[in-house]
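Inspection log for the structure reproduced underneath, given as C-alpha cells.
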2 protein chains.
Amino acid sequence: MSSSSCLIKKLSHYVELSQHDRDLLQDLEKSSTAVSAGTHLREGGQAYDDLFVLSEGWLYSFTILPDGRRQVLQVFVPGDIVGIYDTPFAHATHDLAAATDAVVCPFPKDGLDPIFSESPALTGLMFTFALIDQAVFLDRLRALGRMDAVTRVGHFLFTVISRLRLTDHDTENGHYFPLTQSDVADATGLTNVSVSKAASVLREKGFAKWSNRRLTILDETRLVEFASFINRYENIDISWFPQPGRLHLGRS
Amino acid sequence: MSSSSCLIKKLSHYVELSQHDRDLLQDLEKSSTAVSAGTHLREGGQAYDDLFVLSEGWLYSFTILPDGRRQVLQVFVPGDIVGIYDTPFAHATHDLAAATDAVVCPFPKDGLDPIFSESPALTGLMFTFALIDQAVFLDRLRALGRMDAVTRVGHFLFTVISRLRLTDHDTENGHYFPLTQSDVADATGLTNVSVSKAASVLREKGFAKWSNRRLTILDETRLVEFASFINRYENIDISWFPQPGRLHLGRS
DNA sequence: CGCCTGGTTGACACGTATCAATAATTGTGG
DNA sequence: CCACAATTATTGATACGTGTCAACCAGGCG
C-alpha cells in the first residue's frame with residue numbers, strides 16, 4: 001500500500017500526485033533500517049553518506065555548545081526527508097539523534113536525481129517544503145529572541161503540531177508527542193525546570209494539556225493568539241507551481 | 001561594466017560564470033529605484049508584488065511582536081536577492097525596511113524563469129545559497145538559544161562579516177557596518193544597552209572594534225573560537241553541482 | 001517490587017532588562 | 001563652516017525572569 005507512506009501523505013497535502021510520482025517516492029523507501037531511541041545517527045562536521053526518509057519514529061538535529069549544553073534545531077517526524085539540507089555542504093551541518101525507536105530508509109545522495117529529472121511536481125514540492133521550513137526556523141528565531149518562557153513553549157509545541165497535521169489527523173486525544181521536557185527545553189533555549197513550569201501555566205490557562213507523551217491542544221484559537229503563531233503550512237500559493245510541461249528540473 | 005554588480009560578484013564566488021549567465025543576471029538589474037533609510041518596503045502578511053536585487057545599501061527583514069518589540073530576522077547587503085524565500089507563500093512572510101539609503105532593482109515574480117530554464121549553474125547556485133542561508137539561520141537559532149550576550153553579539157557580527165566577504169574584500173580598516181546597536185540588539189534578542197556593554201567587552205578582549213559605522217575584526221582566530229562560529233560559506237561541496245548537460249531546471 | 005528516567009516544586013543566584021542621566025556623533029539649516 | 005537638533009552610544013542603579021541546585025514525586029519496565 002503506497003498510501004501508507006508518510007512521505008507520500010505529506011507531499012500529497014497540496015497537490016494530487018500522479019502514480020508515477022508515487023512510484024518515484026516509493027523507491028526512496030525501498031530499504032529500511034531500525035534504530036533505537038537515543039542512537040546518535042550523525043555528527044556535525046563529519047562526512048555523511050546517505051540521506052534518508054524517516055518512516056517511523058522521531059529524530060532531532062542538535063548541536064552541543066562548548067560548555068556542554070545542547071541546542072535542538074529541528075525535529076523530524078514520519079514523512080520527513082533527513083539530510084536534504086546538507087547537500088551543498090562537504091560535511092554534515094549538525095548532529096542527529098533518535099528521540100524514539102525509529103525506522104529510517106537510507107538512499108544515496110543522488111537518489112533524488114530521478115525525482116528532479118522526471119517530476120516537476122515533486123521538484124517544486126521539495127523546494128516549497130524547504131522554504132516552508134525556512135519560514136518556520138525564522139519564526140522560532142523570533143520566539144527565542146523576544147518571547148518569554150511560557151509563550152516560547154506554547155509556540156514550539158504548536159510548531160510541531162502544525163507539522164504533524166500534514167500526515168496525522170487530529171484526534172480528540174491529541175497527538176503522540178514523545179519529546180521529553182528536556183528536549184523541549186533544548187529546542188526553546190530554556191531548562192527542563194522552566195519548561196515544566198511553562199507547561200503547568202499552559203494547562204492552567206486551558207491552552208494545552210501535555211502529559212504521558214501525549215499533547216492535546218485545548219483552545220487552539222486562544223493559543224495561536226497568545227503565542228502569535230503563524231501556521232506556515234497554510235496559505236501556500238500554488239499558482240507559480242510547476243505544471244506538467246512548465247518548470248522542470250531535469251537533465252538536459 | 002557587468003563586473004560592478006554585487007550579485008554577479010556573489011554568485012561568482014564558487015564557480016566561473018559564463019557570459020550568458022552574466023547576461024541573465026544583468027537583466028535582473030535593468031530597472032532601479034532609490035529608497036531612503038528607514039523606508040518600510042514590505043509588510044508581513046500583505047500581498048507583495050516584485051522581488052528585487054539589492055544593488056546598494058542595506059535592508060533588513062523583521063517582525064513586530066504584540067508588545068511592540070522588534071525581532072530582526074535577516075540582514076540584506078548588496079548582491080542579495082530579496083523576497084525569493086517568500087515565493088511559495090501567498091503573502092510576504094515578514095516586514096522589510098531599509099537600514100540605510102539603498103538602491104533596489106525590482107523584477108516580477110517570474111523574472112527568475114529564464115534563469116531556471118536557461119542556466120543550470122545559476123539554478124544550482126540559487127539553491128545552494130538558499131541552503132547556506134538556512135544553515136546560517138540555524139546557527140543563529142543556536143546562538144539565541146544558548147549563548148550569553150557577549151558571545152551572541154560576537155557571533156552575529158561575524159555572521160554579517162562572513163557574508164560581506166563574498167563581495168567585499170577585507171581591508172585594514174574593516175568593513176562599513178551601518179547597523180545601529182539597537183538593530184543588532186533586535187537581531188540578537190538583546191537590548192541596545194546590553195549590546196553596548198557587549199561591544200565594549202569585545203573591544204577590551206581585542207576581538208573586534210566597532211564604532212562610527214565601521215567594524216573591524218582584530219583577532220579573527222580567537223573570535224571564531226570564542227563564539228564557536230562556523231563559516232557556512234566555506235567548505236561548499238561543488239561536486240554535486242549541475243554541470244553543463246547535467247542537472248537542469250528548465251521548461252520541458 | 002524496586003530501579004530508573006522523567007516531571008514537579010521551592011529557595012536562591014545571576015544575567016539581562018529597565019530606567020535614567022549624560023556623552024558622542026551625525027545630520028541640518030543659517 | 002558653524003551651531004543647533006536629533007539620533008546613537010555609554011554608563012550606573014535597580015528590577016525581574018530564568019538558571020541553578022536540590023529534594024521529592026510519579027510512571028514505566030525489568
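What you see below is based on every heavy atom in this structure, not just the backbone, and it leaves out hydrogens, waters and symmetry mates. Naming: A, B, ... by sequence-line order, numbering from 1 per chain. This is a predicted model, so every value here is computed, not measured.
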Checklist entry - Mapping Arg69(B) and Asn212(B) onto DNA chain C by nearest heavy atom, which one lands closer to the 5' end? => result Arg69(B)
Item to check | Closest contact, heavy atoms only, Val153(A) versus Ala198(A) | outcome: CG2-CB, 3.8 Å
Checklist entry - Shortest non-hydrogen contact from Ala92(A) to Asp86(A)? => result CA-OD2, 3.7 Å
Next on the checklist: What is the distance, to the nearest angstrom, from the CZ atom on Arg214(B) to the P atom on dA24(C)?
Outcome noted: 22 Å
Next on the checklist: Determine whether the aromatic ring centres of residues His40(B) and Phe62(B) are separated by less than 6.0 angstrom.
Outcome noted: yes
Item to check | Where protein sits on nucleotides 7-16 of chain C, one letter per nucleotide: B base, S sugar-phosphate only, - none, heavy atoms under 4.0 Å | outcome: SBBB-----S
Item to check | Among Val53(A), Asp80(A), Leu54(A), Thr167(A), the one residue meeting side-chain contact (heavy atoms from CB on, under 4.5 Å) with Leu7(A) | outcome: Val53(A)
Item to check | Test salt bridge (charged side-chain N to carboxylate O under 4.0 Å, His left out) applied to Arg163(A) and Asp133(A), step by step | outcome: CA-CA 10 Å; Arg163(A) 163 64 188 87; Asp133(A) 282 340; over 6 Å; no
